[in-house]
Amino acid sequence: MVFGFGAPGPSSAQKIAAAEAELELVSDTFSRLSSSCAKKCIPKDYREADLNKGESVCLDRCVNKFFETTMKVSEIMQNKANGQQQSGGGFGGFSM
Amino acid sequence: MVFGFGAPGPSSAQKIAAAEAELELVSDTFSRLSSSCAKKCIPKDYREADLNKGESVCLDRCVNKFFETTMKVSEIMQNKANGQQQSGGGFGGFSM
Amino acid sequence: MVFGFGAPGPSSAQKIAAAEAELELVSDTFSRLSSSCAKKCIPKDYREADLNKGESVCLDRCVNKFFETTMKVSEIMQNKANGQQQSGGGFGGFSM
Amino acid sequence: MEALNAQEQKEFQQVLERRQMNEYVKMYSNLVQRCFDHCVNDFTSKSLIQKEEACLNRCVDKFLKGAERMGQRFQELNAQQQ
Amino acid sequence: MEALNAQEQKEFQQVLERRQMNEYVKMYSNLVQRCFDHCVNDFTSKSLIQKEEACLNRCVDKFLKGAERMGQRFQELNAQQQ
Amino acid sequence: MEALNAQEQKEFQQVLERRQMNEYVKMYSNLVQRCFDHCVNDFTSKSLIQKEEACLNRCVDKFLKGAERMGQRFQELNAQQQ
(Lines give C-alpha, C1' and ligand atoms only; values in the text may rest on other atoms or scores of the structure.)
Protein backbone atom coordinates (compact mmCIF):
# COMPACT_ATOMS: atom_id res chain seq x y z
CA MET A 1 0.00 0.00 0.00
CA VAL A 2 1.21 3.37 -1.02
CA PHE A 3 1.22 5.24 2.23
CA GLY A 4 2.37 2.57 4.60
CA PHE A 5 -0.95 1.78 6.24
CA GLY A 6 -2.51 -1.63 6.49
CA ALA A 7 -0.25 -3.13 9.15
CA PRO A 8 -1.35 -6.57 10.43
CA GLY A 9 -4.46 -5.79 12.53
CA PRO A 10 -6.18 -8.84 14.03
CA SER A 11 -9.86 -7.92 14.51
CA SER A 12 -12.30 -7.08 11.71
CA ALA A 13 -13.02 -3.70 13.21
CA GLN A 14 -9.32 -2.84 13.23
CA LYS A 15 -8.83 -4.04 9.66
CA ILE A 16 -11.73 -1.91 8.47
CA ALA A 17 -10.48 1.05 10.47
CA ALA A 18 -7.06 0.67 8.84
CA ALA A 19 -8.58 0.46 5.36
CA GLU A 20 -10.62 3.52 6.20
CA ALA A 21 -7.56 5.42 7.37
CA GLU A 22 -5.78 4.52 4.12
CA LEU A 23 -8.79 5.76 2.17
CA GLU A 24 -8.90 8.91 4.23
CA LEU A 25 -5.29 9.59 3.44
CA VAL A 26 -5.72 9.02 -0.29
CA SER A 27 -8.74 11.29 -0.46
CA ASP A 28 -7.17 13.93 1.75
CA THR A 29 -4.08 13.80 -0.43
CA PHE A 30 -6.13 14.26 -3.57
CA SER A 31 -8.02 17.20 -2.18
CA ARG A 32 -4.82 18.96 -1.07
CA LEU A 33 -3.15 18.17 -4.37
CA SER A 34 -6.03 19.65 -6.38
CA SER A 35 -6.07 22.75 -4.30
CA SER A 36 -2.30 23.27 -4.56
CA CYS A 37 -2.06 22.50 -8.26
CA ALA A 38 -5.09 24.62 -9.19
CA LYS A 39 -3.44 27.50 -7.37
CA LYS A 40 -0.11 26.95 -9.11
CA CYS A 41 -1.40 26.25 -12.63
CA ILE A 42 -4.72 28.00 -13.22
CA PRO A 43 -4.87 31.81 -13.32
CA LYS A 44 -7.74 33.28 -11.34
CA ASP A 45 -9.27 35.46 -14.01
CA TYR A 46 -11.06 32.58 -15.81
CA ARG A 47 -10.97 34.23 -19.21
CA GLU A 48 -11.76 30.97 -20.99
CA ALA A 49 -13.82 27.97 -19.90
CA ASP A 50 -11.33 25.51 -21.37
CA LEU A 51 -8.00 24.39 -20.01
CA ASN A 52 -5.43 25.57 -22.50
CA LYS A 53 -2.36 23.56 -23.46
CA GLY A 54 -0.08 25.29 -20.97
CA GLU A 55 -2.46 24.82 -18.08
CA SER A 56 -3.02 21.16 -18.91
CA VAL A 57 0.69 20.37 -19.05
CA CYS A 58 1.26 22.29 -15.84
CA LEU A 59 -1.47 20.27 -14.08
CA ASP A 60 -0.01 16.96 -15.28
CA ARG A 61 3.45 17.84 -14.04
CA CYS A 62 2.13 19.29 -10.82
CA VAL A 63 0.20 16.10 -9.98
CA ASN A 64 3.32 14.08 -10.69
CA LYS A 65 5.51 16.26 -8.53
CA PHE A 66 2.99 16.27 -5.70
CA PHE A 67 2.88 12.51 -5.84
CA GLU A 68 6.68 12.32 -5.77
CA THR A 69 6.62 14.69 -2.82
CA THR A 70 4.36 12.36 -0.80
CA MET A 71 6.82 9.51 -1.46
CA LYS A 72 9.82 11.65 -0.64
CA VAL A 73 8.31 12.91 2.63
CA SER A 74 7.26 9.42 3.61
CA GLU A 75 10.83 8.24 2.95
CA ILE A 76 12.36 11.06 4.99
CA MET A 77 10.10 10.29 7.92
CA GLN A 78 10.83 6.58 7.68
CA ASN A 79 14.55 7.32 7.81
CA LYS A 80 14.07 9.55 10.79
CA ALA A 81 12.01 6.96 12.63
CA ASN A 82 14.57 4.21 11.99
CA GLY A 83 17.76 6.21 12.27
CA GLN A 84 17.67 8.25 15.38
CA GLN A 85 15.33 6.45 17.75
CA GLN A 86 12.88 9.32 18.30
CA SER A 87 13.31 11.25 21.52
CA GLY A 88 9.53 11.04 21.99
CA GLY A 89 6.99 13.82 22.16
CA GLY A 90 4.31 12.41 19.91
CA PHE A 91 4.78 15.02 17.21
CA GLY A 92 8.31 14.11 16.25
CA GLY A 93 7.64 11.10 14.05
CA PHE A 94 5.10 9.29 11.99
CA SER A 95 5.45 5.79 13.31
CA MET A 96 2.10 4.29 14.19
CA MET B 1 -34.89 20.58 -0.49
CA VAL B 2 -32.53 23.28 -1.48
CA PHE B 3 -29.49 21.35 -2.51
CA GLY B 4 -30.99 18.39 -4.28
CA PHE B 5 -30.41 15.78 -1.61
CA GLY B 6 -33.02 13.53 -0.11
CA ALA B 7 -33.53 11.13 -3.01
CA PRO B 8 -35.85 8.18 -2.24
CA GLY B 9 -33.80 6.02 0.14
CA PRO B 10 -35.60 2.91 1.44
CA SER B 11 -33.99 2.02 4.78
CA SER B 12 -34.06 4.20 7.90
CA ALA B 13 -30.27 4.30 8.03
CA GLN B 14 -30.13 5.62 4.48
CA LYS B 15 -32.80 8.23 5.10
CA ILE B 16 -30.97 9.49 8.16
CA ALA B 17 -27.67 9.47 6.28
CA ALA B 18 -29.26 11.55 3.51
CA ALA B 19 -30.72 14.02 5.98
CA GLU B 20 -27.31 14.20 7.61
CA ALA B 21 -25.59 14.84 4.28
CA GLU B 22 -28.07 17.66 3.57
CA LEU B 23 -27.36 19.12 6.98
CA GLU B 24 -23.63 18.78 6.41
CA LEU B 25 -23.95 20.69 3.16
CA VAL B 26 -25.98 23.50 4.70
CA SER B 27 -23.55 23.90 7.58
CA ASP B 28 -20.51 23.61 5.36
CA THR B 29 -22.04 26.22 3.06
CA PHE B 30 -22.66 28.58 5.94
CA SER B 31 -19.15 28.24 7.25
CA ARG B 32 -17.61 28.91 3.84
CA LEU B 33 -19.98 31.80 3.24
CA SER B 34 -19.08 33.44 6.56
CA SER B 35 -15.41 33.07 5.91
CA SER B 36 -15.64 34.51 2.36
CA CYS B 37 -17.95 37.36 3.28
CA ALA B 38 -15.99 38.34 6.40
CA LYS B 39 -12.90 38.52 4.19
CA LYS B 40 -14.67 40.61 1.55
CA CYS B 41 -16.58 42.97 3.85
CA ILE B 42 -14.75 43.40 7.14
CA PRO B 43 -11.38 45.18 7.24
CA LYS B 44 -8.78 43.42 9.35
CA ASP B 45 -7.74 46.29 11.54
CA TYR B 46 -10.78 46.06 13.86
CA ARG B 47 -10.78 49.72 14.74
CA GLU B 48 -14.32 49.56 16.12
CA ALA B 49 -16.20 46.76 17.81
CA ASP B 50 -19.41 47.54 15.94
CA LEU B 51 -20.34 46.73 12.39
CA ASN B 52 -20.76 50.04 10.63
CA LYS B 53 -23.44 50.75 8.04
CA GLY B 54 -21.18 49.99 5.07
CA GLU B 55 -19.99 46.67 6.51
CA SER B 56 -23.54 45.60 7.37
CA VAL B 57 -24.88 46.33 3.90
CA CYS B 58 -21.89 44.59 2.35
CA LEU B 59 -22.50 41.47 4.49
CA ASP B 60 -26.18 41.36 3.53
CA ARG B 61 -25.43 41.60 -0.17
CA CYS B 62 -22.55 39.17 0.10
CA VAL B 63 -24.73 36.52 1.76
CA ASN B 64 -27.32 37.01 -0.95
CA LYS B 65 -24.80 36.71 -3.76
CA PHE B 66 -23.18 33.66 -2.18
CA PHE B 67 -26.59 32.03 -1.96
CA GLU B 68 -27.31 32.87 -5.58
CA THR B 69 -23.93 31.42 -6.47
CA THR B 70 -24.80 28.06 -4.88
CA MET B 71 -28.00 27.97 -6.95
CA LYS B 72 -26.20 28.99 -10.10
CA VAL B 73 -23.46 26.40 -9.68
CA SER B 74 -25.98 23.70 -8.89
CA GLU B 75 -27.88 24.66 -12.07
CA ILE B 76 -24.71 24.60 -14.20
CA MET B 77 -23.79 21.16 -12.92
CA GLN B 78 -27.32 19.88 -13.46
CA ASN B 79 -27.19 21.06 -17.06
CA LYS B 80 -23.84 19.41 -17.55
CA ALA B 81 -25.06 16.12 -16.07
CA ASN B 82 -28.18 16.10 -18.27
CA GLY B 83 -26.73 17.55 -21.43
CA GLN B 84 -23.58 15.79 -22.27
CA GLN B 85 -23.80 12.34 -20.66
CA GLN B 86 -20.69 12.53 -18.50
CA SER B 87 -17.59 10.91 -19.89
CA GLY B 88 -17.02 9.36 -16.46
CA GLY B 89 -14.16 9.90 -14.03
CA GLY B 90 -16.09 10.45 -10.83
CA PHE B 91 -15.05 14.07 -10.53
CA GLY B 92 -16.95 15.37 -13.54
CA GLY B 93 -20.44 15.71 -12.12
CA PHE B 94 -22.53 15.95 -9.02
CA SER B 95 -25.08 13.27 -9.69
CA MET B 96 -25.49 10.96 -6.73
CA MET C 1 -11.25 21.48 32.31
CA VAL C 2 -9.69 24.18 30.27
CA PHE C 3 -12.36 24.97 27.77
CA GLY C 4 -15.51 24.73 29.79
CA PHE C 5 -16.77 21.40 28.51
CA GLY C 6 -17.73 18.44 30.62
CA ALA C 7 -21.00 19.72 32.05
CA PRO C 8 -22.90 17.13 34.15
CA GLY C 9 -24.06 14.56 31.55
CA PRO C 10 -25.88 11.56 33.05
CA SER C 11 -25.58 8.75 30.49
CA SER C 12 -22.31 7.06 29.55
CA ALA C 13 -22.78 7.96 25.90
CA GLN C 14 -23.16 11.63 26.77
CA LYS C 15 -20.15 11.61 29.07
CA ILE C 16 -18.02 10.03 26.36
CA ALA C 17 -19.36 12.46 23.77
CA ALA C 18 -18.46 15.37 26.04
CA ALA C 19 -14.96 14.00 26.61
CA GLU C 20 -14.65 13.57 22.87
CA ALA C 21 -15.77 17.13 22.22
CA GLU C 22 -13.18 18.37 24.71
CA LEU C 23 -10.53 16.32 22.96
CA GLU C 24 -11.69 17.61 19.59
CA LEU C 25 -11.31 21.18 20.81
CA VAL C 26 -7.84 20.59 22.22
CA SER C 27 -6.62 18.95 19.05
CA ASP C 28 -8.29 21.51 16.80
CA THR C 29 -6.72 24.24 18.90
CA PHE C 30 -3.29 22.70 18.58
CA SER C 31 -3.57 22.32 14.84
CA ARG C 32 -4.67 25.95 14.37
CA LEU C 33 -1.99 27.14 16.75
CA SER C 34 0.75 25.29 14.86
CA SER C 35 -0.42 26.63 11.57
CA SER C 36 -0.64 30.24 12.82
CA CYS C 37 2.67 30.16 14.69
CA ALA C 38 4.57 28.45 11.86
CA LYS C 39 3.31 31.21 9.57
CA LYS C 40 4.33 33.95 11.99
CA CYS C 41 7.70 32.56 13.09
CA ILE C 42 9.23 30.40 10.34
CA PRO C 43 10.33 32.02 7.05
CA LYS C 44 9.25 30.08 3.96
CA ASP C 45 12.59 29.76 2.28
CA TYR C 46 13.83 26.91 4.50
CA ARG C 47 17.47 27.82 4.16
CA GLU C 48 18.45 25.66 7.13
CA ALA C 49 16.97 22.45 8.49
CA ASP C 50 17.36 23.56 12.09
CA LEU C 51 15.26 25.99 14.05
CA ASN C 52 17.54 28.87 14.91
CA LYS C 53 17.44 30.71 18.22
CA GLY C 54 15.17 33.49 16.98
CA GLU C 55 12.66 31.07 15.49
CA SER C 56 12.60 28.93 18.63
CA VAL C 57 11.97 31.88 20.92
CA CYS C 58 9.30 33.19 18.56
CA LEU C 59 7.53 29.80 18.58
CA ASP C 60 7.58 29.62 22.39
CA ARG C 61 6.10 33.08 22.75
CA CYS C 62 3.62 32.49 19.99
CA VAL C 63 2.30 29.31 21.62
CA ASN C 64 1.98 31.18 24.89
CA LYS C 65 0.14 34.09 23.31
CA PHE C 66 -2.17 31.79 21.38
CA PHE C 67 -2.99 29.98 24.59
CA GLU C 68 -3.68 33.26 26.35
CA THR C 69 -5.89 34.24 23.42
CA THR C 70 -8.06 31.14 23.84
CA MET C 71 -8.54 32.06 27.52
CA LYS C 72 -9.23 35.68 26.70
CA VAL C 73 -11.79 34.84 24.02
CA SER C 74 -13.48 32.30 26.25
CA GLU C 75 -13.69 34.97 28.98
CA ILE C 76 -15.14 37.57 26.59
CA MET C 77 -17.80 35.15 25.40
CA GLN C 78 -18.63 34.11 28.95
CA ASN C 79 -19.13 37.76 29.89
CA LYS C 80 -21.32 38.31 26.88
CA ALA C 81 -23.42 35.25 27.66
CA ASN C 82 -23.91 36.28 31.31
CA GLY C 83 -24.10 40.03 30.89
CA GLN C 84 -26.54 40.85 28.20
CA GLN C 85 -28.92 37.91 28.02
CA GLN C 86 -28.33 36.92 24.40
CA SER C 87 -30.96 38.07 21.93
CA GLY C 88 -30.87 34.56 20.43
CA GLY C 89 -29.92 33.50 16.95
CA GLY C 90 -27.65 30.59 17.75
CA PHE C 91 -24.51 32.34 16.54
CA GLY C 92 -24.41 35.03 19.18
CA GLY C 93 -22.91 33.07 22.08
CA PHE C 94 -21.05 30.01 23.15
CA SER C 95 -23.30 28.72 25.90
CA MET C 96 -24.01 25.03 25.52
CA MET D 1 -36.65 15.81 6.21
CA GLU D 2 -40.43 15.44 5.89
CA ALA D 3 -39.88 11.81 4.88
CA LEU D 4 -38.58 10.78 8.33
CA ASN D 5 -41.00 9.02 10.66
CA ALA D 6 -41.16 9.64 14.41
CA GLN D 7 -38.47 7.12 15.33
CA GLU D 8 -36.17 8.39 12.60
CA GLN D 9 -36.78 11.99 13.67
CA LYS D 10 -35.65 11.02 17.14
CA GLU D 11 -32.44 9.41 15.94
CA PHE D 12 -31.80 12.36 13.67
CA GLN D 13 -32.31 14.68 16.62
CA GLN D 14 -29.40 13.00 18.38
CA VAL D 15 -27.23 13.37 15.30
CA LEU D 16 -28.22 17.03 15.23
CA GLU D 17 -27.22 17.61 18.83
CA ARG D 18 -23.84 15.98 18.37
CA ARG D 19 -23.27 18.09 15.28
CA GLN D 20 -24.32 21.27 17.02
CA MET D 21 -21.66 20.75 19.67
CA ASN D 22 -19.10 20.27 16.91
CA GLU D 23 -20.30 23.40 15.12
CA TYR D 24 -19.80 25.43 18.27
CA VAL D 25 -16.34 24.02 18.75
CA LYS D 26 -15.43 24.84 15.15
CA MET D 27 -16.92 28.32 15.30
CA TYR D 28 -15.14 29.08 18.56
CA SER D 29 -11.73 27.86 17.50
CA ASN D 30 -12.10 29.55 14.13
CA LEU D 31 -12.85 32.80 15.95
CA VAL D 32 -9.81 32.37 18.16
CA GLN D 33 -7.51 31.75 15.21
CA ARG D 34 -8.85 34.59 13.12
CA CYS D 35 -8.58 37.18 15.87
CA PHE D 36 -5.18 35.89 16.90
CA ASP D 37 -3.91 36.12 13.32
CA HIS D 38 -5.11 39.68 12.94
CA CYS D 39 -4.37 41.08 16.39
CA VAL D 40 -1.25 39.35 17.70
CA ASN D 41 1.93 40.10 15.82
CA ASP D 42 4.48 41.12 18.39
CA PHE D 43 6.75 38.35 19.65
CA THR D 44 9.16 40.43 21.65
CA SER D 45 7.00 39.72 24.70
CA LYS D 46 5.75 36.43 26.10
CA SER D 47 2.32 37.65 27.19
CA LEU D 48 -0.42 39.55 25.38
CA ILE D 49 0.17 43.29 25.54
CA GLN D 50 -2.59 45.81 26.16
CA LYS D 51 -2.88 46.83 22.52
CA GLU D 52 -3.36 43.19 21.51
CA GLU D 53 -5.98 42.58 24.19
CA ALA D 54 -7.96 45.61 23.09
CA CYS D 55 -7.82 44.42 19.48
CA LEU D 56 -9.00 40.93 20.53
CA ASN D 57 -11.95 42.48 22.34
CA ARG D 58 -13.07 44.44 19.29
CA CYS D 59 -12.37 41.52 16.98
CA VAL D 60 -14.48 39.02 18.96
CA ASP D 61 -17.27 41.52 19.22
CA LYS D 62 -17.26 42.32 15.54
CA PHE D 63 -16.91 38.69 14.51
CA LEU D 64 -19.93 37.65 16.59
CA LYS D 65 -22.05 40.51 15.30
CA GLY D 66 -21.06 39.68 11.75
CA ALA D 67 -21.75 35.96 12.23
CA GLU D 68 -25.14 36.72 13.75
CA ARG D 69 -26.09 39.02 10.90
CA MET D 70 -24.98 36.54 8.25
CA GLY D 71 -26.77 33.73 10.09
CA GLN D 72 -30.03 35.69 10.01
CA ARG D 73 -29.76 36.46 6.29
CA PHE D 74 -28.85 32.88 5.54
CA GLN D 75 -31.83 31.55 7.48
CA GLU D 76 -34.19 33.95 5.70
CA LEU D 77 -32.92 32.79 2.32
CA ASN D 78 -33.21 29.13 3.31
CA ALA D 79 -36.76 29.72 4.55
CA GLN D 80 -37.76 31.38 1.26
CA GLN D 81 -36.43 28.36 -0.59
CA GLN D 82 -38.50 25.73 1.22
CA MET E 1 -7.18 -3.91 1.29
CA GLU E 2 -6.40 -7.40 0.00
CA ALA E 3 -6.51 -8.62 3.60
CA LEU E 4 -10.27 -8.03 3.98
CA ASN E 5 -12.56 -11.06 3.77
CA ALA E 6 -15.96 -11.03 2.04
CA GLN E 7 -17.90 -9.82 5.09
CA GLU E 8 -15.36 -7.12 5.80
CA GLN E 9 -15.37 -6.04 2.16
CA LYS E 10 -19.12 -5.59 2.43
CA GLU E 11 -18.89 -3.44 5.55
CA PHE E 12 -16.10 -1.44 4.00
CA GLN E 13 -18.25 -0.91 0.90
CA GLN E 14 -20.81 0.86 3.09
CA VAL E 15 -18.13 3.04 4.62
CA LEU E 16 -16.99 3.85 1.08
CA GLU E 17 -20.46 4.90 -0.05
CA ARG E 18 -20.95 7.17 2.93
CA ARG E 19 -17.57 8.75 2.30
CA GLN E 20 -18.28 9.23 -1.38
CA MET E 21 -21.34 11.28 -0.56
CA ASN E 22 -19.22 13.40 1.76
CA GLU E 23 -16.55 13.81 -0.89
CA TYR E 24 -19.12 15.11 -3.37
CA VAL E 25 -20.48 17.54 -0.82
CA LYS E 26 -16.99 18.80 -0.04
CA MET E 27 -16.00 19.05 -3.69
CA TYR E 28 -19.20 20.90 -4.56
CA SER E 29 -19.01 23.41 -1.74
CA ASN E 30 -15.32 23.93 -2.35
CA LEU E 31 -16.11 24.69 -5.98
CA VAL E 32 -18.80 27.17 -4.96
CA GLN E 33 -16.48 28.99 -2.59
CA ARG E 34 -13.56 29.13 -4.96
CA CYS E 35 -15.57 30.49 -7.88
CA PHE E 36 -17.41 32.91 -5.63
CA ASP E 37 -14.12 34.22 -4.22
CA HIS E 38 -12.67 34.78 -7.66
CA CYS E 39 -15.71 36.00 -9.58
CA VAL E 40 -17.89 37.98 -7.17
CA ASN E 41 -16.38 41.19 -5.87
CA ASP E 42 -18.96 43.87 -6.44
CA PHE E 43 -21.21 44.62 -3.48
CA THR E 44 -22.96 47.69 -4.83
CA SER E 45 -25.71 45.37 -6.05
CA LYS E 46 -27.71 42.72 -4.19
CA SER E 47 -27.92 40.20 -7.01
CA LEU E 48 -25.29 38.65 -9.27
CA ILE E 49 -24.57 40.86 -12.26
CA GLN E 50 -24.09 39.53 -15.77
CA LYS E 51 -20.31 39.79 -15.68
CA GLU E 52 -20.20 37.74 -12.48
CA GLU E 53 -22.52 35.07 -13.86
CA ALA E 54 -20.40 34.70 -16.98
CA CYS E 55 -17.29 34.36 -14.83
CA LEU E 56 -18.99 31.72 -12.67
CA ASN E 57 -19.87 29.73 -15.78
CA ARG E 58 -16.31 29.70 -17.02
CA CYS E 59 -14.95 29.04 -13.53
CA VAL E 60 -17.15 25.99 -12.88
CA ASP E 61 -16.33 24.62 -16.30
CA LYS E 62 -12.63 25.07 -15.88
CA PHE E 63 -12.61 23.76 -12.32
CA LEU E 64 -14.39 20.56 -13.33
CA LYS E 65 -12.12 19.98 -16.29
CA GLY E 66 -9.10 20.58 -14.10
CA ALA E 67 -10.39 18.26 -11.37
CA GLU E 68 -11.15 15.54 -13.91
CA ARG E 69 -7.68 15.81 -15.42
CA MET E 70 -5.96 15.75 -12.06
CA GLY E 71 -8.16 12.83 -10.97
CA GLN E 72 -7.07 10.82 -14.00
CA ARG E 73 -3.37 11.49 -13.45
CA PHE E 74 -3.71 10.69 -9.76
CA GLN E 75 -5.43 7.38 -10.47
CA GLU E 76 -2.77 6.41 -13.01
CA LEU E 77 -0.04 7.10 -10.47
CA ASN E 78 -1.85 5.17 -7.76
CA ALA E 79 -2.36 2.23 -10.14
CA GLN E 80 1.35 2.18 -11.01
CA GLN E 81 2.16 2.03 -7.31
CA GLN E 82 0.08 -1.03 -6.46
CA MET F 1 -12.40 13.33 32.17
CA GLU F 2 -12.18 12.41 35.88
CA ALA F 3 -15.90 11.70 35.79
CA LEU F 4 -15.53 8.62 33.55
CA ASN F 5 -15.72 5.20 35.23
CA ALA F 6 -13.53 2.25 34.24
CA GLN F 7 -15.81 0.98 31.49
CA GLU F 8 -16.22 4.46 30.05
CA GLN F 9 -12.48 5.05 30.22
CA LYS F 10 -12.02 1.91 28.14
CA GLU F 11 -14.49 3.00 25.47
CA PHE F 12 -12.96 6.44 25.43
CA GLN F 13 -9.53 4.86 24.97
CA GLN F 14 -10.77 3.33 21.71
CA VAL F 15 -12.10 6.66 20.53
CA LEU F 16 -8.72 8.15 21.39
CA GLU F 17 -6.82 5.58 19.35
CA ARG F 18 -9.01 6.10 16.30
CA ARG F 19 -8.54 9.84 16.60
CA GLN F 20 -4.80 9.53 16.99
CA MET F 21 -4.56 7.72 13.68
CA ASN F 22 -6.56 10.51 12.06
CA GLU F 23 -4.36 13.14 13.66
CA TYR F 24 -1.29 11.51 12.20
CA VAL F 25 -2.86 11.34 8.77
CA LYS F 26 -3.83 15.00 8.97
CA MET F 27 -0.42 16.07 10.27
CA TYR F 28 1.37 14.11 7.58
CA SER F 29 -0.70 15.35 4.66
CA ASN F 30 -0.57 18.88 6.00
CA LEU F 31 3.21 18.61 6.11
CA VAL F 32 3.31 17.31 2.55
CA GLN F 33 1.14 20.14 1.26
CA ARG F 34 2.98 22.88 3.12
CA CYS F 35 6.43 21.77 1.98
CA PHE F 36 5.19 21.18 -1.57
CA ASP F 37 3.68 24.66 -1.70
CA HIS F 38 6.88 26.30 -0.51
CA CYS F 39 9.48 24.18 -2.28
CA VAL F 40 8.03 23.08 -5.61
CA ASN F 41 7.40 25.85 -8.11
CA ASP F 42 9.01 24.79 -11.33
CA PHE F 43 6.73 23.05 -13.82
CA THR F 44 9.06 22.92 -16.77
CA SER F 45 10.07 19.44 -15.60
CA LYS F 46 7.95 16.41 -14.75
CA SER F 47 10.01 15.16 -11.82
CA LEU F 48 11.35 16.85 -8.72
CA ILE F 49 14.66 18.57 -9.39
CA GLN F 50 17.59 18.48 -6.98
CA LYS F 51 16.97 21.95 -5.64
CA GLU F 52 13.38 21.03 -4.81
CA GLU F 53 14.39 17.80 -3.10
CA ALA F 54 16.93 19.59 -0.94
CA CYS F 55 14.31 22.15 0.02
CA LEU F 56 11.83 19.38 0.90
CA ASN F 57 14.44 17.77 3.16
CA ARG F 58 15.03 20.97 5.08
CA CYS F 59 11.34 21.79 5.17
CA VAL F 60 10.29 18.44 6.64
CA ASP F 61 13.07 18.61 9.19
CA LYS F 62 12.19 22.11 10.26
CA PHE F 63 8.46 21.44 10.30
CA LEU F 64 8.90 18.42 12.58
CA LYS F 65 11.22 20.25 14.94
CA GLY F 66 8.81 23.17 15.06
CA ALA F 67 5.80 20.91 15.67
CA GLU F 68 7.67 19.06 18.43
CA ARG F 69 8.64 22.29 20.14
CA MET F 70 5.12 23.72 19.92
CA GLY F 71 3.68 20.40 21.14
CA GLN F 72 5.88 20.52 24.24
CA ARG F 73 4.95 24.11 25.06
CA PHE F 74 1.29 23.36 24.50
CA GLN F 75 1.38 20.34 26.80
CA GLU F 76 3.12 22.32 29.52
CA LEU F 77 0.47 25.02 29.35
CA ASN F 78 -2.35 22.47 29.39
CA ALA F 79 -0.76 20.74 32.39
CA GLN F 80 -0.53 24.04 34.29
CA GLN F 81 -4.21 24.60 33.63
CA GLN F 82 -5.49 21.35 35.12
Side-chain angles (χ1 to χ4, degrees), chain C residues 3-5 7 9 11 13-14 16-18 20-37 39-41 54-77 79-81 86-96, chain D residues 10-79:
Chain C
F3 293 101
F5 280 96
S11 81
Q14 281 176 304
I16 290 172
E20 208 178 337
E22 162 113 16
L23 192 68
E24 174 72 24
L25 184 51
V26 172
S27 106
D28 192 78
T29 297
F30 182 72
S31 107
R32 289 171 184 271
L33 170 163
S34 343
S35 149
S36 287
C37 291
K39 230 171 262 164
K40 287 179 191 279
C41 296
E55 291 162 353
S56 301
V57 171
C58 181
L59 286 180
D60 289 351
R61 288 175 178 160
C62 186
V63 172
N64 203 64
K65 285 198 169 193
F66 196 100
F67 204 82
E68 286 183 7
T69 300
T70 62
M71 318 286 276
K72 177 84 189 159
V73 171
S74 162
E75 185 195 306
I76 298 173
M77 293 177 93
N79 288 345
K80 267 184 180 305
Q86 283 323 107
S87 55
F91 283 99
F94 194 56
S95 56
M96 324 200 20
Chain D
K10 217 166 157 189
E11 279 180 51
F12 186 61
Q13 193 55 37
Q14 291 175 351
V15 172
L16 251 176
E17 277 162 29
R18 237 182 305 125
R19 285 190 60 86
Q20 217 153 40
M21 218 183 205
N22 286 333
E23 295 298 320
Y24 273 120
V25 166
K26 226 165 67 182
M27 195 277 283
Y28 170 74
S29 59
N30 183 24
L31 163 56
V32 168
Q33 185 177 28
R34 183 179 299 231
C35 292
F36 179 80
D37 284 348
H38 294 160
C39 294
V40 183
N41 282 300
D42 164 39
F43 299 107
T44 61
S45 62
K46 200 191 159 191
S47 286
L48 292 172
I49 57 179
Q50 212 180 4
K51 204 184 94 188
E52 290 167 340
E53 293 212 357
C55 179
L56 287 174
N57 267 312
R58 290 192 301 270
C59 178
V60 171
D61 229 40
K62 202 160 197 163
F63 181 98
L64 292 177
K65 283 170 187 155
E68 200 179 342
R69 185 164 193 116
M70 291 189 277
Q72 279 165 0
R73 289 304 151 267
F74 188 67
Q75 275 172 26
E76 288 164 15
L77 290 166
N78 264 314

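Lettering follows sequence order; numbering is per chain, from 1.
- Taken to the nearest 0.5 Å, the CG atom of C:Leu33 stands 11.5 Å off from the OG atom of D:Ser29.
- Although no hydrogens or angles enter the test, the distance criterion places a donor-acceptor pair under 3.5 Å between the side chain of C:Lys40 and the main chain of D:Asp37.
- Side chain of C:Lys65 to main chain of D:Asp42: a donor-acceptor pair is present (N/O by atom type, distance under 3.5 Å, no hydrogens or angles).
- Heavy atoms closer than 4.5 Å to chain C are found in both the backbone and the side chain of D:Glu53.
- D:Val40 touches chain C through backbone and side chain together, each having a heavy atom under 4.5 Å away.
- C:Lys80 approaches D:Asp61 most closely through the heavy-atom pair NZ-OD1, 2.5 Å.
- The minimum heavy-atom distance between D:Val25 and C:Ala21, with the atom names listed, is CG2-O, 4.4 Å.
- Between C:Thr70 and D:Tyr28 there is a side-chain heavy-atom pair separated by less than 4.5 Å.
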Side chain to side chain contact (heavy atoms under 4.5 Å, CB included) between C:Val57 and D:Phe43, worked out: CA-CA 8 Å; C:Val57 171; D:Phe43 299 107; over 6 Å; no
Please evaluate residues C:Thr69 and D:Leu56 with respect to the criterion side chain to side chain contact (heavy atoms under 4.5 Å, CB included), reporting the C-alpha separation (whole Å), side-chain torsions for both, the decisive distance (0.1 Å), and the verdict. CA-CA 8 Å; C:Thr69 300; D:Leu56 287 174; 3.8 Å; yes
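- Highest contact tally toward chain D, considering only C:Arg61, C:Lys39, C:Lys72, is held by C:Arg61 [criterion: heavy-atom pairs under 4.5 Å].
- The pair D:Lys46-C:Asp60 does not meet the salt-bridge criterion, since no charged nitrogen lies less than 4.0 angstrom from a carboxylate oxygen.
- For the residue pair D:Leu64 and C:Met77, the shortest heavy atom distance occurs at CD2-CE, 3.9 Å.
- Chain C forms the most heavy-atom pairs under 4.5 Å with one residue out of D:Lys65, D:Glu52, D:Lys26, and that residue is D:Glu52.
- Within the 4.5 Å cutoff, the side chain of D:Phe36 has heavy atoms near those of the C:Cys62 side chain.
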